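On a predicted model such as this, the values are computed, not experimentally measured, just so you know.
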Amino acid sequence: MKLMVEIDGQMVALVDAVWVAYRPCGCACSVMDADWGDGEVFASADQAWREFYPLKKDRDRAVKQGYRLELVTFRHYREHIDILANCDACKPKKEAA
Ligand SMILES: [Zn+2]
């Protein structure tokens, strides 16, 4: 049996979906498979939050800071999302020369 989820009005297999975490500035910073293929699945944002932040206090802080999660297709992720991209707001600070 395949678990299906609806993304942007389309039904996709959960195994073809990934959770993307976004920083408050809007940059993607982390990605996680929604279905690990071993019976462990993250079908809801709540489940995904728990995996990204096992501790409730960390989850609460992240939400408060403006972090958010989005379920997207793996294809969308491959084509449009770069978790290594940083904007000026979240660029790692350069060491002073
Ligand atoms: Zn940023």
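- Of all non-hydrogen atoms in T73 and V18, the two that sit nearest each other are O-CG2, 4.3 Å.
- Note on F74: it clusters hydrophobically with V31, by side-chain heavy-atom contacts below 4.5 Å among ILVMFWY residues.
- Summarising the geometry of P54 relative to E51, their closest heavy-atom pair is CD-O, 4.0 Å, with the distance given to 0.1 Å.
- Hydrophobic clustering (side-chain heavy atoms under 4.5 Å, transitive across Ile, Leu, Val, Met, Phe, Trp, Tyr) keeps F42 apart from Y22.
- Between the side chain of D33 and the backbone N or O of D35, no donor-acceptor pair lies under 3.5 Å.
- One distance of note links SG of C27 with CG of L84; it measures 11.0 Å at 0.5 Å rounding.
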Only distances under 3.5 Å count here; give the side-chain donor-acceptor pairs of residues 5-16 to other protein atoms, sequence neighbours excluded, each with its distance to 0.1 Å.
none

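- To the nearest 0.5 angstrom, L71 atom CG is 9.5 Å from M32 atom CE.
- Taken together through direct or relayed side-chain contacts under 4.5 Å among Ile, Leu, Val, Met, Phe, Trp and Tyr, M4 and Y77 form parts of separate hydrophobic clusters.
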Is there a side chain to side chain contact (heavy atoms under 4.5 Å, CB included) between Y67 and W49 once you walk through the steps? CA-CA 10 Å; Y67 280 76; W49 273 118; 4.0 Å; yes
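- V72 places a side-chain heavy atom less than 4.5 Å from the side chain of I81.
- Note that the CG atom of N86 and the SG atom of C25 stand 7.5 Å from one another [nearest 0.5 Å].
- The minimum heavy-atom distance linking A45 with L69 is given by the pair O-CD1, 3.9 Å.
- In this structure, K64 does not pair ionically with D60, as no charged nitrogen and carboxylate oxygen lie closer than 4.0 Å.
- For the pair R68 (side chain) and V63 (backbone), a donor-acceptor distance under 3.5 Å is absent.
- When all heavy atoms are compared, the tightest approach of F52 to S30 is CE2-OG, 3.3 Å.
- Of all the heavy atoms in R23 and C90, the pair that sits closest is NH1-SG, 3.4 Å.
- Hydrophobic clustering (ILVMFWY, side-chain heavy atoms < 4.5 Å, transitive): W36 and L3 are in one cluster.
- Between P24 and Q65, the shortest heavy-atom distance links the atoms CG-O, 3.0 Å.
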